[in-house]
2 protein chains.
Amino acid sequence: MSRHTIALESPTPERAVEILRKSILGSRTSIIVGRCIVKYRGRAESFLGEGDRVIILKPDGSLLVHKASKREPVNWNPPGSIHRVYLKEGKVIVESIRRRPRETIFIELSEVYFVGSFKLIDEECIMITGTEKDVVDIIFRSPEVIEKGFKPLYREMSTKYGKIDIFGVDEKGRAVVIEVKRRKADLSSVSQLLRYVESVRESTNSPVRGILVAPDCSASARLFLKSHNLEFRKVMFK
Amino acid sequence: MSRHTIALESPTPERAVEILRKSILGSRTSIIVGRCIVKYRGRAESFLGEGDRVIILKPDGSLLVHKASKREPVNWNPPGSIHRVYLKEGKVIVESIRRRPRETIFIELSEVYFVGSFKLIDEECIMITGTEKDVVDIIFRSPEVIEKGFKPLYREMSTKYGKIDIFGVDEKGRAVVIEVKRRKADLSSVSQLLRYVESVRESTNSPVRGILVAPDCSASARLFLKSHNLEFRKVMFK
DNA sequence: CGTGCCAGGTGCCCT
DNA sequence: AGGGCACTTGGCACG
């Protein structure tokens, strides 16, 4: 009979390795708390000197190394990586290898404070609202938030230089390219819009308007918009 | 005397709350494994139905909720958030509040499989090489990787529309704007370069060259470069 | 697969 | 605090 939870304080290295191997084989989520060094080599390269960290190995092949601060793991490997755990000179070693691109994490634990193995049952997936797609939906449902007479035609319309959030026509029949941002727009938002407008202009001689839609816009982005005769439409959602 | 590690399997809700409160007060890192629902409200909004997850509360105020898959937490709050743990109708509740922007996480645990509290000592910070800054360093040290006669002058040079990675002059004394990417360059990389070149051109009548430096470049990015008479220089580092 | 792009992006640095 | 941007960005959707 397989227990759903295994949790052990200050295990011997041998016992820790045993638990972790079973955990990996059994598609369980493993948690290690201990003192370790971490080496990474792949797209970049890193070294992390000795300190206490939380290490999580997920059954999908993700590996996380967390320090006591920050939202981000200090080291990691994404889903699909292969984990190996073994003993070397009396120390627990956790290795993670990702292929394409090849990336390796090497963790050497000088001390293991805790090791746990958990069978996590989770069929639910998160429901999010307030995303950019929701804003686009609003505009398609109520085009007047852009301006009177605006007709949205396509969403995610592909051009030579990227995909247009919303393509439509205004009251006077002019082409309108809309780039939507769910947060404050910045220089790169304007660059995007500019790329799409340029792309559409390459394929027509008719006038093409470009409108950046966002709850706010940085000062320099506004300047950049103006210098290219692009427009900004403030749209507060939520 | 305060123990550095507290780990408890299947604690009663009362005991779990007690341990977690002490953990938060004592600037320790807390780990909860249990069955829960998660509600989030802030920049966006989300709901996550009942399932088994790993919850981490860090002493800097970060909160992470991890599912059994993916590198990313399904819900979180960044450093600086305030955590509260209490009992409600016999269930353990974990709440996290961030101000500016106001964001709240509400976790209701129907079952706690494990709770742990750890004093993590960690003075080390990660050393990373192979970053963009390293590539810029290489170019300053060996400007000939760009081309014979190139002279880099400034890095991170501010313009109206953003900061130029490297500004310099070529053999013939023409201004050169360089945008560096440590990985394959895409449309947005070209847009950036274009913005900077445009910005420099606004302040001079002399010719201004723009060079995108990267290990590779997407096909459409290449087209976009060409259409604006910008150049691509392949630079493999590492 | 590569390409493009959003993300509750996060984190860093500078003004 | 706001701006600009890199990140081992991650993750997804689409051709």
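What you see below is based on every heavy atom in this structure, not just the backbone, and it leaves out hydrogens, waters and symmetry mates. Labels below follow one simple rule: chain letters A, B, ... track the order of the sequence lines, proteins then strands, and each chain is numbered from 1.
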How would you label the contact of A:R195 with the nucleic acid (heavy atoms, under 4.0 Å): base, sugar-phosphate, or nothing? sugar-phosphate

Over 12 foreign heavy atoms within 6.0 Å of CD1, B:I126: yes

When we call it a touch if two heavy atoms are under 4.0 Å apart, what does B:K184 touch: a base, just sugar-phosphate, or nothing? sugar-phosphate

Please tell me if A:Q192 has a side-chain N or O lying less than 4.0 Å from either OP1 or OP2 of C:dC6. yes

Is A:L194 close to B:R195 at the side-chain level, that is, under 4.5 Å between some pair of heavy atoms? no

Between the protein and nucleotides 12-15 of chain D, which nitrogen or oxygen pairs come in under 3.5 angstrom?
| from | atom 1 | to | atom 2 | distance (Å) |
| --- | --- | --- | --- | --- |
| D:dC12 | OP2 | B:K70 | NZ | 3.4 |

Specify the separation, in whole Å, of atom CZ of B:R98 and atom P of D:dA1. 11 Å

Hey, is the side chain of A:N75 pairing donor to acceptor with the base of D:dT8 inside 3.5 Å? yes

Does D:dC7 have its OP1 or OP2 closer than 4.0 Å to a side-chain nitrogen or oxygen of A:R43? no

If I take atom CD1 from residue A:I56 and atom CZ from residue A:F118, how far apart are they, to the nearest 0.5 angstrom? 10.0 Å

Testing C:dC6, D:dA1, C:dC5 for proximity to the side chain of A:E179, the answer is C:dC6

For B:L64 and C:dG11, give me the distance from atom CG to atom C1', rounded to whole Å. 15 Å

Say you draw a straight line from OG of B:S199 to CZ of A:F224; how long is it, rounded to the nearest 0.5 Å? 8.5 Å

Between the base of D:dG2 and the side chain of A:D186, is there any donor-acceptor pair under 3.5 Å? no

Rounded to whole Å, please give me the gap between CG in A:L223 and C1' in D:dG3. 13 Å

Any side-chain N or O of A:W76 less than 4.0 Å from the OP1 or OP2 oxygen of D:dG10? yes

Of B:E103 and B:S188, whose nearest nucleotide on DNA chain C comes first from the 5' end? B:S188

Establish, from distance only, whether the side-chain atoms of A:T131 and A:D134 form a donor-acceptor pair under 3.5 Å. no

The reported gap from CG in B:D60 to NZ in A:K70 (rounded to nearest 0.5 angstrom) is 7.0 Å

The answer to which of A:P79 and B:Y196 contacts DNA chain D further toward the 5' end, by nearest nucleotide, is B:Y196

Between the base of D:dG10 and the side chain of B:E72, is one N or O donor paired with an acceptor at under 3.5 angstrom? no

Nucleotide nearest A:T131 (side chain, heavy atoms from C-beta), chosen from C:dC6, C:dT10, D:dC5: C:dC6

Using a heavy-atom cut-off of 4.0 Å across all strands, would you classify B:P101 as base, sugar-phosphate, or nothing? nothing

Among A:I107, A:V74, A:V94, A:I55, whose side chain to side chain contact (heavy atoms under 4.5 Å, CB included) with A:V38 holds? A:I107

Is the closest side-chain heavy-atom distance between B:L20 and B:S117 below 4.5 Å? no

When you check the side-chain N and O atoms of B:S30 and B:S23, is any donor under 3.5 Å from an acceptor? yes

Could you work out which one of C:dT3, C:dT10, D:dT8 sits closest to the side chain of A:Y40? D:dT8

From C-beta outward on B:I105, which listed nucleotide comes closest to its side chain: C:dG8, D:dG3, C:dT3? C:dG8

Over how many whole Å does the gap from A:R183 atom CZ to D:dG3 atom P extend? 12 Å

Side-chain contact check for A:E132: nearest option of D:dT9, C:dA7, D:dA6 is C:dA7

Mind checking B:N77 for me? I need base, sugar-phosphate or nothing, with any heavy atom below 4.0 Å counting as a touch. base

Distance between P atoms of C:dG4 and C:dG8 (Å, rounded): 22 Å

Would you mind telling me which of C:dC6, C:dG11, C:dG4 lies closest to the side-chain atoms of B:L187? C:dG4

Using the closest heavy atom to pick a nucleotide of DNA chain D for each, name whichever of A:A221 or A:E45 lands nearer the 5' end. A:A221

Regarding the side chain of B:S220, the nearest nucleotide among C:dT3, C:dC1, D:dG3 is C:dT3

Taking the P atom of each, how far is C:dC5 from D:dT8, in whole Å? 22 Å

Please report, rounded to the nearest Å, how far the P atom of D:dG3 is from the OH atom of B:Y161. 16 Å

Please confirm whether the shortest side-chain N or O distance from A:R182 to OP1 or OP2 of C:dG9 is below 4.0 Å. yes

Please figure out whether A:I164 or A:I128 has its closest DNA chain C nucleotide nearer the 5' end. A:I164

Rounded to whole Å, the CZ-P distance (A:F224 to D:dC5) equals 10 Å

Nearest-0.5 Å distance, CZ of residue B:R35 to NZ of residue B:K91: 11.5 Å

Mind calculating the distance between CG (B:L225) and P (C:dT3) to the nearest angstrom? 14 Å

